[in-house]
Amino acid sequence: MIKKFLCAPGPTAVPNEILAEMSKPLMHHRTPQFSQIVSENAEMLKKVFKTKNSVLTLTSSGTGAMESSITNFMSEGDKIIVLSAGKFGERFAEIGRAYKLNVIELKAEYGSDIKASEVEKALKENPDTKGVYTEYSETSTGVAFDIKNIAKVVGKTDAIFVIDGITAIGAMEFEMDEWGVDIAIAGAQKSFMIPPGLAFISYSDKAAEKMKNAKLPRYYFDLAKEKKNLEKQTTAWTPAITLFIGLNYALKMMLEEGMDNVIKRHALVAECFREAVQSIGLKLFPEVPHVRPTDAVTAVRVPDGIDGGKIPALMRDKYGVTIAGGQGSMKGKIFRLGHLGYTDKSDIVVELQAMELALKELGYKFEFGKSVYTAQKFILEKFPVPQVELSDSGD
Ligand SMILES: *Cc1c(COP(=O)(O)O)cnc(C)c1O
């Protein structure tokens with residue numbers, strides 16, 4: 001037997017309590033019991049997004065919500081600016097082009113970000129821009145974009161500011177209303193600790209105004225219809241009932257811990273990973289400090305002369321630890337250690353020990369055990385340890 005650990009940047013590990021909750025006999029969705037779940041979830045999601053507006057839950061993967069952020073707010077030919085420095089930024093541009101929008105792609109190299117000043121310049125050159133679409137945490141490269149400052153720049157214009165927060169919301173600081181984000185998107189299988197199949201989206205009053213004149217076709221992802229149904233504590237279509245129930249439990253766990261603590265935990269885990277991998281000579285992929293790394297995943301450059309594709313494969317098949325390789329043009333060049341959602345101190349050691357075993361087998365020269373040692377030292381010195389009354393060691 002090989003004990004398995006899911007440590008990818010999505011889907012992420014699901015706590016056993018949540019799996020147990022989801023395995024109960026199925027309930028019907030047009031019932032008072034389910035309506036209560038719907039309204040509790042909606043209230044709790046507002047606390048995660050930090051918004052006064054409704055947060056809608058769609059039965060789809062995250063990309064469905066990304067698509068809805070275009071179809072519900074734009075018309076054919078509308079000009080949008082997409083910040084694109086990774087696979088998910090590119091996806092926004094692809095969706096825009098699929099719906100015949102005039103997409104201006106502000107591109108930067110993978111591993112880099114796009115600064116607020118560049119967005120400001122692009123908006124000046126394109127005063128007819130209807131929306132600015134960006135990633136917050138670009139999962140494919142490990143980069144966090146400076147959402148707070150980009151929001152300030154976009155806020156001065158008529159354009160709406162749309163963020164894909166699929167690995168950011170619930171893992172990193174986020175204040176939808178205070179920062180002035182018009183549309184925010186999150187996804188179940190990342191920081192929300194449940195299996196894939198739900199996406200979350202909230203939109204501001206400024207975006208609601210745009211929606212009134214938006215003419216792109218939509219049917220399943222009709223957010224106005226979904227919002228009307230939410231007001232009646234239900235959903236437009238048959239939802240993924242089981243996932244709504246799992247989400248209810250997950251959100252209670254998150255809010256019980258407190259969103260500030262959830263975010264602090266992710267920040268500490270991420271900092272520990274960065275220090276540990278660098279302690280054995282590995283290089284982070286985004287060039288810190290030029291770029292801010294995301295706290296959801298640590299992207300690491302594959303050392304020269306090592307067959308990069310083999311690192312995640314060995315970790316998974318020999319040691320039971322699933323992480324992620326590079327996507328698209330990053331394939332074989334980076335590997336990505338996931339740490340979001342149900343993640344804590346011990347996950348760091350689990351991932352690092354398997355990474356070291358794989359690297360050793362592939363011929364990388366380093367002081368064996370040092371990244372694990374570095375992480376343990378970090379945990380000892382920096383992690384808050386709950387003050388518990390120790391019981392007898394018991395038998
Ligand atoms: C995972 C992810 C998505 C895609 O979501 P799906 O659920 O696969 O559709 C989009 N954006 C980011 C940043 C992601 O990490």
Phe273: what forms a ring pair (Phe, Tyr, Trp, His ring centres under 6.0 Å) with it, not counting sequence neighbours? His339
Residues clustered with Val385, ILVMFWY side-chain links under 4.5 angstrom: none
Phe161: partners by ring pair (Phe, Tyr, Trp, His ring centres under 6.0 Å), with sequence neighbours left out: none
So which pairs with a foot in residues 292-336 pass ring-ring contact (aromatic ring centres under 6.0 Å, His included), sequence neighbours left out? none
Can you pull the ring-ring contact (aromatic ring centres under 6.0 Å, His included) pairs that have at least one residue in residues 127-155, sequence neighbours excluded? Phe92-Tyr133
Could you list the cluster mates of Tyr373? Members are the ILVMFWY residues connected by side-chain heavy atoms closer than 4.5 Å, either directly or through other members. none
Which pairs, with at least one residue in residues 44-88 and sequence neighbours excluded, count as a ring-ring contact (aromatic ring centres under 6.0 Å, His included)? Phe73-Tyr203
Apply side chain to side chain contact (heavy atoms under 4.5 Å, CB included) to Glu275 and list each qualifying residue two or more places apart in sequence or on a separate chain. Thr374, Phe378, Lys382
Applying salt bridge (Lys or Arg N to Asp or Glu O under 4.0 Å), name anything that partners Asp182, two or more places apart in sequence or on another chain. none
Please tabulate, one pair per line, all N/O donor-acceptor pairs under 3.5 Å involving side-chain atoms of residues 166-174, not counting sequence neighbours.
residue : atom : partner : partner atom : Å
Thr167  : OG1  : Ser137  : O            : 3.3
Thr167  : OG1  : Ser137  : OG           : 2.8
Thr167  : OG1  : Thr139  : OG1          : 2.8

Distance-only donor-acceptor pairs under 3.5 Å for side chains of residues 230-246, two or more places apart:
residue : atom : partner : partner atom : Å
Thr234  : OG1  : Arg30   : NH1          : 2.5
Thr235  : OG1  : Trp237  : O            : 2.8
Trp237  : NE1  : Tyr220  : O            : 2.9

According to the ring-ring contact (aromatic ring centres under 6.0 Å, His included) rule, which pairs have a member within residues 345-365, sequence neighbours left out? Tyr364-Phe366
